[in-house]
Amino acid sequence: MGNQTITPGAAPAAAIYKRNGKSRTEPILFHTFNALFMIALVVVTLYPFLNTIVVSFNAGNDTIRGGLYLWPRQFTLQNYKAVFASGTIYDAFLISVARTVLSTVLNIFLTTMLAYTLSRREYVFRKPITLIFVLTMYFNAGLIPGYFLMKDLHLINTFWVYVVPSMISAFNMIVIRTYIGTIPESLVESAKIDGAGEFKIFWRIIFPLCKPVLATIALFVAVGAWNSWFDAFLFTSSRQELSTLQYELMKLLSSSMNANSNPAVANGAGMTQEAAVSMVTPLSIRAAVTIVASVPILLVYPFMQKYFVVGLNVGSVKE
């Protein structure tokens with residue numbers, strides 16, 4: 001005892017043990033609660049989609065009874081046979097894929113070019129042009145003027161009516177411009193010293209560094225283009241060869257609300273009309289249509305996920 005030295009200001013051993021014990025307990029409680037909360041969130045989020053898959057593979061007359069949870073009671077493919085009975089579905093699928101790919105590529109490329117231009121402080125008109133684009137987010141001419149605009153541009157009943165109106169997005173431009181503002185200006189200045197022009201700087205430096213936010217924007221644009229059906233109804237409904245998948249599925253869903261008047265249900269499924277009505281119902285058709293429309297986007301999402309969170313976080317940083 002006599003040889004023990006006490007450091008001034010040192011905490012007693014009991015206090016240190018208590019503090020260390022508390023520091024060990026708090027992370028355990030936090031991680032336990034966090035894990036339970038996230039599991040509950042995943043279950044609540046994932047269960048409706050899983051239940052929709054179950055309903056889509058279950059006989060329609062049995063689905064009406066209810067009580068379906070995680071496994072079909074009467075497994076059948078009649079719902080999907082009814083959806084794919086019309087030969088127009090396959091052509092509409094190709095139109096939707098072409099529309100989604102072109103809209104996404106052009107929107108990303110042109111919107112990023114615009115965002116880079118408006119991010120340059122030496123560009124004199126960047127503020128008034130930015131204001132004009134922001135105003136378009138608050139004011140809309142309406143449906144009828146928009147239709148006449150497409151008519152004057154000779155886009156009615158053409159494939160390009162799906163692509164041209166979506167080539168530039170004011171909101172996406174603002175997000176990308178904010179992200180570009182986080183890129184060090186020294187990279188641009190060093191490229192200019194080496195003799196690089198504006199387009200070369202954009203293509204070789206800015207565009208690759210914007211990959212996270214561009215992947216996020218691409219996902220938003222692709223989902224919007226894939227799910228859109230109203231423009232097909234409005235601009236190309238008189239040309240069946242330009243119909244999109246979503247529009248065809250919408251028509252099928254509308255007609256299935258009265259199963260007795262839906263020839264695709266009876267004839268396409270290879271059944272008599274009475275048997276088809278007993279096997280396929282509007283509820284089961286709606287579930288099958290939902291799965292058919294969702295699967296392509298779900299297949300793309302995993303490839304974009306690694307950029308998704310980074311793009312959202314960095315793209316929302318204010319200058």
Side-chain angles (χ1 to χ4, degrees), residues 96 99-156 158-183 198 202 206-207 209-236 244 246-247 250 293 297 300-301 304-305 307-319:
S96 291
R99 169 199 180 153
T100 302
V101 172
L102 279 176
S103 297
T104 303
V105 172
L106 290 177
N107 184 282
I108 289 299
F109 183 72
L110 297 178
T111 303
T112 306
M113 287 186 66
L114 176 64
Y116 171 68
T117 302
L118 298 180
S119 69
R120 306 310 304 155
R121 299 185 184 275
E122 62 269 19
Y123 183 53
V124 179
F125 301 104
R126 72 187 188 98
K127 288 187 177 181
I129 293 179
T130 301
L131 178 61
I132 293 174
F133 276 96
V134 171
L135 288 177
T136 63
M137 299 172 59
Y138 294 94
F139 300 99
N140 192 337
L143 184 62
I144 296 177
Y147 180 86
F148 282 112
L149 175 61
M150 296 298 106
K151 184 178 180 181
D152 292 339
L153 294 175
H154 304 288
L155 294 177
I156 301 296
T158 66
F159 173 79
W160 296 105
V161 76
Y162 298 141
V163 179
V164 173
S166 62
M167 288 195 300
I168 296 291
S169 171
F171 176 79
N172 295 345
M173 182 271 294
I174 293 175
V175 173
I176 297 173
R177 193 190 69 167
T178 304
Y179 188 95
I180 292 176
T182 64
I183 298 175
E198 292 293 345
F202 166 76
I206 301 299
F207 199 83
L209 293 177
C210 289
K211 188 182 294 183
V213 72
L214 295 184
T216 305
I217 297 298
L219 184 62
F220 290 158
V221 175
V223 171
W226 179 262
N227 289 334
S228 180
W229 66 268
F230 187 70
D231 50 0
F233 165 74
L234 193 64
F235 300 123
T236 62
T244 61
Q246 301 297 334
Y247 184 46
M250 187 278 298
I297 290 296
V300 173
Y301 181 77
M304 315 290 286
Q305 185 179 11
Y307 302 109
F308 190 75
V309 176
V310 177
L312 283 180
N313 290 339
V314 182
S316 61
V317 175
K318 304 299 180 183
E319 294 186 63

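If you read the sequence from its start, that first residue is 1, and numbering goes on from there. Below, each value reflects all heavy atoms present in this structure, side chains not excepted, and no hydrogens, waters or symmetry copies. Note that the coordinates shown come from a computational prediction; the quantities given were computed from them, not determined experimentally.
Between the side chain of N107 and the main chain of S103, no donor-acceptor pair closer than 3.5 Å is present. Remark: the backbone N or O of T178 is not paired with any side-chain donor or acceptor of T182 at under 3.5 angstrom. Within the 3.5 Å criterion, the main-chain N or O of G224 finds no donor-acceptor partner in the side chain of S228. Panel note: side chain S166, backbone V163; a donor-acceptor pair is recorded below 3.5 Å. With hydrogens and angles disregarded, no donor-acceptor distance shorter than 3.5 Å links the side chain of W160 to the backbone of H154.
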Stepwise side chain to side chain contact (heavy atoms under 4.5 Å, CB included) test for D231 and M150
CA-CA 11 Å; D231 50 0; M150 296 298 106; over 6 Å; no
One pair to check against side chain to side chain contact (heavy atoms under 4.5 Å, CB included): I176 and Y116. What are the steps and the verdict?
CA-CA 8 Å; I176 297 173; Y116 171 68; over 6 Å; no
Assess whether side chain to side chain contact (heavy atoms under 4.5 Å, CB included) is satisfied between I217 and T111, documenting all intermediate values.
CA-CA 10 Å; I217 297 298; T111 303; over 6 Å; no
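Residue F159 places its CZ atom among more than 12 non-hydrogen atoms of other residues, nucleotides or ligands, all under 6.0 Å distant. With a 6.0 Å radius and a threshold of 12 heavy atoms from other residues, nucleotides or ligands, F148 has its CZ atom at or below the threshold. Atom CG of L131 is surrounded by more than 12 heavy atoms from other residues, nucleotides or ligands within 6.0 Å.
Judged purely by distance below 3.5 Å, without hydrogens or angles, the side chains of Y162 and T244 never pair a donor atom with an acceptor atom.
In this structure, F202 and F207 have perpendicular ring planes: the angle between them is above 60°, well past the 30° mark.
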